[in-house]
There are 2 protein chains.
Amino acid sequence: MTSSAETAPPGGNGRSGRAPYDLPAVLDIAVAAFNDYGYDATSMGLLAERLGTSKSAVYYHVSSKEDLLRMALERALGELEAILEQPGAQAGAADERLTFVLRSAVRVLTDELPYVTLLLRLRGNTDLERDALARRRAFDNAVSALVEQARSDGTVRADVDARTTTRLLFGMINSIVEWYKPGGALSQDQLADDVITVAFDGIRVHPGD
Amino acid sequence: MTSSAETAPPGGNGRSGRAPYDLPAVLDIAVAAFNDYGYDATSMGLLAERLGTSKSAVYYHVSSKEDLLRMALERALGELEAILEQPGAQAGAADERLTFVLRSAVRVLTDELPYVTLLLRLRGNTDLERDALARRRAFDNAVSALVEQARSDGTVRADVDARTTTRLLFGMINSIVEWYKPGGALSQDQLADDVITVAFDGIRVHPGD
């Protein structure tokens, strides 16, 4: 995560023509505000206040609040879509590719927690939001196709519909943004392991385990 | 579900002293509006408009908007808490009680979809909301205690933390409110079976299955 302390250019003070924060820091604070108050209820004035600067300093970086939303959603979606381009998602048995994609998705969720939270809470009120939801659906569909392929291969159970399986998997994974505390006792890697274990093998101890 | 067509008392017209809808119908419409617009953005005037009646007709039933929220949350929480009082939740092996509680929770979610949706979206902005969240946590803790007991019994896997297990289970179950369409191709019973199958046995086909 980018923190404002690390990224504020030295000497920036919000009163000169120079912006006191760089764009990633402005984006972090905007996303936190959108998640706290809701996008509609967050004004550029409120963002400036949280940055301890003026509205004009915010406009140094972006031309509108929607610009900030666009950049934030691009970050979350770009990271998720990048998973599908990696070799682990493209080559190998479908169940192994599915494991790779789910594990990587947990990693993106925990690395980019506020950004993915924003994405998951979108309701589709504007063209920008609807475009983002379409990209999120495309990602879900790619995962659903892997589930279908693994079912055909006989490695994933066929007695549950592929779409239902995918939704239950994402239900489990997406819930992470509601309760996971980065830096806490549960590491990102342990969480990813736990998700894969529960998703693939369930919580039951089977005779012979 | 209660529909307004079935429950409007005959002869009610919104202009007499008599309310044109009965309380369950008013509550259904209020909950739908809270879910569509958000609780804060829903005024008593908007509710009256959606009911096709006057504000005074709405006040015939309730003294405030918060009354409607209280009744709606009571309905969702009451149904969830009632699960824990049933024999299937109280007697038997912990893993069987856990199965009973999760299956029953899926049933409550699908029977009371808008009411549980409202509960799950609460942010805890008022005392009423915080009380509801505390009751929801108490329900989650009861389920977590069953997971703990089943782990001790050796019927639920011990290599995933009980709290993480519970959260992943509820992540899967609570996501149902986001995508399940009552009356569609997937029946409530089939969905409950699918949740139990995926939660307990996972999506992988094991050698010998």
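Every chain is numbered from 1 and lettered A, B, ... according to where its sequence line falls, protein lines coming before strand lines.
- Residue with the most contacts toward chain B among A/Q190, A/R123, A/E178: A/R123 (heavy-atom pairs, distance under 4.5 Å).
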Item checked: Full working for side-chain contact (heavy atoms from CB on, under 4.5 Å) between A/Y180 and B/T164 -> CA-CA 10 Å; A/Y180 184 67; B/T164 303; over 6 Å; no
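- Atom NZ of A/K65 is surrounded by more than 12 heavy atoms from other residues, nucleotides or ligands within 6.0 Å.
- Nearest heavy-atom pair, A/D159 versus B/D194, reported as atom, atom and distance to 0.1 Å: O-OD1, 4.2 Å.
- Side chains of A/D161 and B/L186 form no contact here, defined as non-hydrogen atoms less than 4.5 Å apart.
- Neither the backbone nor the side chain of B/R163 comes within contact range of chain A, judged by heavy atoms closer than 4.5 Å.
- Counting heavy atoms from C-beta on, the side chains of A/R157 and B/D201 come closer than 4.5 Å.
- Neither the backbone nor the side chain of B/R151 comes within contact range of chain A; no heavy atom of the residue lies under 4.5 Å from a heavy atom of that chain.
- For B/L169, the part sitting under 4.5 Å from any heavy atom of chain A is the side chain, from C-beta outward, and nothing else.
- Nearest heavy atom pair, residue B/V156 against residue A/V205, reads C-CG2, 3.5 Å.
- Taking every heavy atom of both residues into account, A/R167 and B/S175 meet most closely at O-OG, 4.0 Å.
- With a 4.5 angstrom heavy-atom cutoff, B/V147 does not touch chain A via any of its atoms.
- Rounding to the nearest 0.5 Å gives a distance of 10.0 Å between CE of B/M172 and CD1 of A/I173.
- Here the CZ atom belonging to A/R204 is positioned 10.0 Å from the CG atom belonging to B/L98, to the nearest 0.5 angstrom.
- The part of B/T155 that comes within reach of chain A is its backbone (N, CA, C, O), which places non-hydrogen atoms under 4.5 angstrom from that chain.
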Next item on the list: Report the C-alpha separation of B/I203 and A/L168 in whole Å, then their side-chain angles, then the decisive distance to 0.1 Å, and conclude whether the side-chain contact (heavy atoms from CB on, under 4.5 Å) test is met.
Entry: CA-CA 10 Å; B/I203 67 170; A/L168 294 176; over 6 Å; no
